[in-house]
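Some notes on the structure that comes next.
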Number of protein chains: 2
Amino acid sequence: MNNSVPTRQRVLEAALNAFGTDGYAATSLDALAEQLGVRKQTILYYFPSKQALFDSVIDSAARDLVELFEQEASRGLTGIDQVEAIVRRIFRLAVSRPELLGLVREVTRPGSITVGRLSDHVGPTVDRARAFLEREMTAGRLRRSDPSMLLLSLYSTVVGVASELEVQRAMGIGPSARATVGRRTELTRFLRAALAPTDPGRAPESR
Amino acid sequence: MNNSVPTRQRVLEAALNAFGTDGYAATSLDALAEQLGVRKQTILYYFPSKQALFDSVIDSAARDLVELFEQEASRGLTGIDQVEAIVRRIFRLAVSRPELLGLVREVTRPGSITVGRLSDHVGPTVDRARAFLEREMTAGRLRRSDPSMLLLSLYSTVVGVASELEVQRAMGIGPSARATVGRRTELTRFLRAALAPTDPGRAPESR
DNA sequence: CCATCTCTCTACCATTTGGTAGAGAGATTT
DNA sequence: AAATCTCTCTACCAAATGGTAGAGAGATGG
């Protein structure tokens, strides 16, 4: 019965799944252990407490997210194309590993005390994203606006549309792969419209 | 010690607060009771189980949301102005009763089985919103796109920007009232850009 | 061959949790 | 005044939870 994947890693994966899907409080170590075909004490051998396990899950997930992001950002795209490439990537993530986005939502919950741990990891990446937006605005490839706010809008929109399956069902959008692509296509159109620089023929709106 | 507000309602309010902030699993009846200065059994007198209490909270919250929405929709605005009015209203809600949006997020979580209860309430309102978008697109006051998808994008963006305080902090946006207004202003600009009709033969730009 | 290290297990435990049973105190009705 | 109804309480309870202590088994190294 010896699996080739080391136990510690199997625990981490199962925990990410559970925390990201059901949330921290709704996940019990016993249930996790049973799902792994192992005793709870085996989990506690690798991670001294539930909170420590959660922290490790966050670290692991954050590394994955950052890597994915940096990888997609290092292809030298510019303007809306770069934004679209990342949106596309996040959607693939929402399909292949929905629990990852779920974990982000769990961590960023109002009462959470673990946010710091996540933002420690993604902070530099966020800074780079903001710098990118700023640069592209200056170059005239994106509509001018506040980069921080724009980033927040982008984040909310993309993660929301990518992961809020239940809301989508309530709005009559099926969870099929086809519908997912449709959502992404429509979202891309939405973002393009919002991000495209104002028509150079017309004077830029000042405030 | 007799409060003027009836106990049942006080329980409902405190429960909405707790469920919307910490989530269902992380909320215990004992903690709720203590916070109310009452015994757990008093709660169980009005609501036969924790799940029943949660259901009632959803019902109550859904009624509030629908009322707020319909009220804002009955003022006869059109096009982007109507969208902006509702965004404005949701932001006010995010400030005055953040737990309400938190509850929506809790209910629409992937593992949730209670989604039906919420969508039963808001279904008709969602339909009306979709019909509105469709109508305004046909009238040329909004850019043409898939109404369902647009609604989803709008929902995700607005609720996300309005309520993801922790993400905002991670992105260097303070939680002050001034920052909230800034977020709303920026979001409005973002949405106007995305929603404005493509061909501005006579694009009404009201303010 | 003995000692140590790694890993998983059994055996418990204190606390918390949602929930049951039913008593007691006012108020209201008959 | 008696009976009933409304509301909140005390007293429990079985199950689940996170966690401690330490044994056993196999591999590794001196």
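Below, chains carry the letters A, B, ... as their sequence lines are ordered, and counting in each starts from 1.
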Distance below 4.0 Å between A/Ser28 side-chain N/O and D/dA16 OP1 or OP2: no
Phosphate OP1/OP2 of D/dC7 contacted by B/Thr7 side-chain N/O (<4.0 Å):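 No, outside the criterion.
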Residue pair B/Glu13 / B/Asn17, side-chain donor-acceptor N/O under 3.5 Å: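 Judged by distance alone, the side chains do not pair up.
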Residue pair B/Phe19 / B/Glu99, side-chain heavy-atom distance below 4.5 Å: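 B/Phe19 does not reach B/Glu99 side chain to side chain.
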Chi angles and distances behind the salt bridge (charged side-chain N to carboxylate O under 4.0 Å, His left out) call for A/Arg130, A/Asp146: CA-CA 10 Å; A/Arg130 188 170 22 227; A/Asp146 182 319; over 6 Å; no
Donor-acceptor contact present, side-chain A/Ser74 to main-chain A/Gln71, <3.5 Å: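 Yes: the side chain of A/Ser74 pairs with the backbone of A/Gln71.
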Main-chain N/O of B/Gly79 paired with B/Glu136 side-chain donor or acceptor, under 3.5 Å: yes
What integer distance in Å separates [X]:[atom1] from [N]:[atom2]?
{"X": "A/Leu36", "N": "C/dC7", "atom1": "CG", "atom2": "P", "answer": "16 Å"}
{"X": "A/Leu29", "N": "D/dA15", "atom1": "CG", "atom2": "P", "answer": "21 Å"}
{"X": "B/Glu34", "N": "C/dT17", "atom1": "CD", "atom2": "P", "answer": "11 Å"}

Any residue of residues 37-54 of chain A with a heavy atom less than 4.0 Å from an atom of DNA chain C: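 Hits under 4.0 Å, by residue number: A/Val38, A/Arg39, A/Gln41, A/Thr42, A/Tyr45, A/Tyr46.
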Cation-aromatic face contact B/Lys50/B/Tyr24, 6.0 Å, 45 degrees: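 Relative to the ring axis of B/Tyr24, which defines the angle, B/Lys50 lies inside both limits.
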